[in-house]
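I have placed the structure first, in the form of structure tokens, so that the comments after it can refer back to it.
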2 protein chains.
Amino acid sequence: MSIAELEEIRRSQILLAALTVMSRKGSFDATMDDIATAAGLSKGGLAHYYKSKNELFIAAFREFFARVFERCRESMAKAPGPLEKLLAFDLLFDPQEPYVPLGYPILFDCMAKAAHDADYGRVFGEWVEGWIALLSEALRLGVEQGLFRPLDPDPIARAVSAIYQGVATRWFLAPARHSRDWAVNAVKEAITRLMEPYILRPQLEESTTKP
Amino acid sequence: MSIAELEEIRRSQILLAALTVMSRKGSFDATMDDIATAAGLSKGGLAHYYKSKNELFIAAFREFFARVFERCRESMAKAPGPLEKLLAFDLLFDPQEPYVPLGYPILFDCMAKAAHDADYGRVFGEWVEGWIALLSEALRLGVEQGLFRPLDPDPIARAVSAIYQGVATRWFLAPARHSRDWAVNAVKEAITRLMEPYILRPQLEESTTKP
DNA sequence: GGATAAAAACCGACCGGATGGATTATCTTC
DNA sequence: GAAGATAATCCATCCGGTCGGTTTTTATCC
């Protein structure tokens with residue numbers, strides 16, 4: 001095994017440990033000792049790969065968002081049509097999904113940090129932009145396929161993404177009164193209705209021409 | 001001045017100081033020293049009124065949410081009709097609004113804490129429920145006034161509130177790509193369209209009866 | 001292939017600073 | 001003078017980061 005390979009393995013091992021501890025304790029309460037223990041290394045061992053706690057945390061948040069993004073992309077790729085692609089994120093409300101119980105605490109921590117620290121704001125913003133790019137692509141696809149009337153994808157994609165963010169926040173933080181059924185339905189209703197004026201129906205095209 | 005009056009004044013002074021420091025530094029980085037300095041008291045003075053940092057923070061978050069709730073209630077009270085009441089929260093995107101620059105960092109901190117600590121989850125959840133009660137009331141009003149068709153207010157109010165949460169989160173944390181205009185319009189579009197099937201139009205009542 | 005030296009990886013102990021809370025002393029009010 | 005309010009100081013603990021020492025790996029030479 002080469003030094004580069006070992007470094008890759010160690011960094012990955014440390015990131016996984018960091019994400020686990022951050023999710024369990026909250027990133028504000030996660031210590032380097034905790035993470036070192038979870039990684040099966042010493043603090044000095046951690047220091048070899050990540051020069052500071054902040055550097056490790058930025059890397060951990062980036063890793064987390066990369067994984068979530070990939071999972072979302074997969075889910076979208078499987079959806080049959082552009083509207084279905086906009087609605088392809090029920091995984092966000094699935095407790096069995098690997099990154100759901102682990103992920104929301106991490107997401108909220110990143111948001112709390114982002115409110116004060118531009119580095120974290122950048123991490124959050126880049127993830128958001130990536131997701132919005134996916135959604136915009138689906139909207140453009142819908143137009144190309146003649147399923148949606150011509151539209152500006154950007155603000156709509158942003159609205160769609162924000163709806164998911166709001167509903168998911170409520171589902172996770174106030175679950176007693178925001179069930180999964182509510183979440184799934186709220187998202188579907190809101191997004192479907194938001195898209196309503198853009199949907200072309202070939203067989204009913206005459207009746208969609210409102211006065 | 002009686003002891004009860006002094007206590008009221010001191011508690012209020014300390015809470016204001018706490019909110020100011022929490023907003024500026026983040027609640028995770030706010031120390032009792034910081035808050036004492038901001039309150040013009042010593043740490044010992046703080047300890048007389050709040051027995052622990054946690055007790056002070058819970059009280060501060062509650063104070064914050066109470067103020068935001070009151071501000072939202074006022075804004076709604078001024079709106080002319082039930083649909084306008086659902087849309088009466090442009091203040092959430094107004095940087096001149098007192099609790100906006102100060103409030104979002106506090107809100108995100110509370111959310112991050114709520115992900116791990118049921119006490120904070122309760123504080124957050126109670127605020128959410130209060131807001132939803134206002135929205136539900138407006139929906140019921142709309143039905144009573146014959147402006148909305150009969151509906152179940154609860155899930156709709158929750159969806160409306162979640163939309164605000166998502167859009168506001170994006171506006172505040174990723175402002176470069178989520179302008180105030182986008183936010184105001186996204187909320188208006190999403191909520192108006194979500195309500196579309198429920199809106200009764202007296203002059204066009206016949207055409208709303210879809211097959 | 002073996003021996004040797006150098007570099008890298010890793011550990012455990014240590015350090016200085018920060019913090020919440022406790023304690024003692026002082027001040028203020030009744 | 002007593003009670004309450006407040007300040008200042010102290011204390012124990014915690015934490016990120018450092019550092020000297022040890023172990024492991026790599027590179028070089030014969």
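Just so you know, these numbers use all the heavy atoms, side chains as well, and skip hydrogens, waters and symmetry mates. Every chain is numbered from 1, with letters handed out A, B, ... down the list of sequences.
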Worked verdict on A:Tyr198 versus A:Phe148 for ring pair (Phe, Tyr, Trp, His ring centres under 6.0 Å): CA-CA 5 Å; A:Tyr198 303 105; A:Phe148 299 157; 8.0 Å; no
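- Electrostatic pairing of A:Arg158 and A:Glu129 counts as a salt bridge here, judged by a charged N lying under 4.0 Å from a carboxylate O.
- Regarding contacts with the backbone of C:dC10, a side-chain N or O of A:Arg10 is found under 4.0 angstrom from either OP1 or OP2.
- Rounded to an integer number of Å, the gap from CD1 of A:Ile9 to P of C:dA8 is 18 Å.
- Taking atom CD of residue A:Gln13 and atom C1' of nucleotide C:dA9, one finds them 12 Å apart after rounding to whole Å.
- One finds the CD1 atom of A:Ile14 at 7.0 Å from the CG atom of A:Leu56 (value rounded to the nearest 0.5 Å).
- A salt bridge links A:Glu70 with A:Arg73: at least one charged nitrogen is closer than 4.0 Å to a carboxylate oxygen.
- Residues from residues 113-122 of chain A lying near DNA chain D, meaning a heavy-atom separation below 4.0 Å, are absent.
- With respect to B:Glu189 and B:Arg193, a salt bridge is recorded, a charged nitrogen being found less than 4.0 Å from a carboxylate O.
- Atom P of nucleotide C:dA18 and atom NZ of B:Lys25 are separated by 11 Å, given to the nearest angstrom.
- If you take CG of A:Asp29 and C1' of C:dG20, they are 14 Å apart, rounded to a whole angstrom.
- Taking a cutoff of 4.0 Å between a charged side-chain nitrogen and a carboxylate oxygen, B:Arg122 and B:Glu126 do not qualify as a salt bridge.
- The phosphate of C:dC10 has neither OP1 nor OP2 within less than 4.0 Å of any side-chain N or O from A:His48.
- Residues of residues 50-57 of chain B that place a heavy atom closer than 4.0 Å to DNA chain C, in numerical order, are B:Ser52, B:Lys53.
- Per the geometry, OH belonging to A:Tyr49 stands 20 Å off P belonging to D:dG16, to the nearest Å.
- For B:Tyr120, the ring-ring contact (aromatic ring centres under 6.0 Å, His included) criterion is met by B:Phe61, not counting sequence neighbours.
- Applying side chain to side chain contact (heavy atoms under 4.5 Å, CB included) to A:Leu135 and the options A:Ile156, A:Val160, A:Asp154, A:Ile191 leaves one that passes, A:Val160.
- C:dT29 atom C1' lies 14 Å from atom CD of B:Glu5, rounded to whole Å.
- For the side chain to side chain donor-acceptor pair (under 3.5 Å) test, residues two or more places apart in sequence or in another chain that qualify with A:Arg67 are A:Glu63, A:Tyr99.
- Ionic pairing of A:Arg71 and A:Glu74 is present here: one or more N-O contacts between side-chain nitrogen and carboxylate oxygen are shorter than 4.0 angstrom.
- Sorted by residue number, the members of residues 32-46 of chain A with any non-hydrogen atom under 4.0 Å from DNA chain D read A:Met32, A:Lys43.
- For the pair B:Lys113 and A:Phe28, the cation-pi test (distance below 6.0 Å, angle within 45°) is failed.
- A salt bridge does not link B:Arg140 to B:Glu144: none of the charged side-chain nitrogens sits closer than 4.0 Å to a carboxylate oxygen.
- Ring geometry for A:Trp171 versus A:Phe93: interplanar angle over 60°, hence perpendicular rather than tilted (30 to 60°).
- For the contact set between residues 14-21 of chain A and DNA chain C, defined by any heavy atom under 4.0 Å, there are no members.
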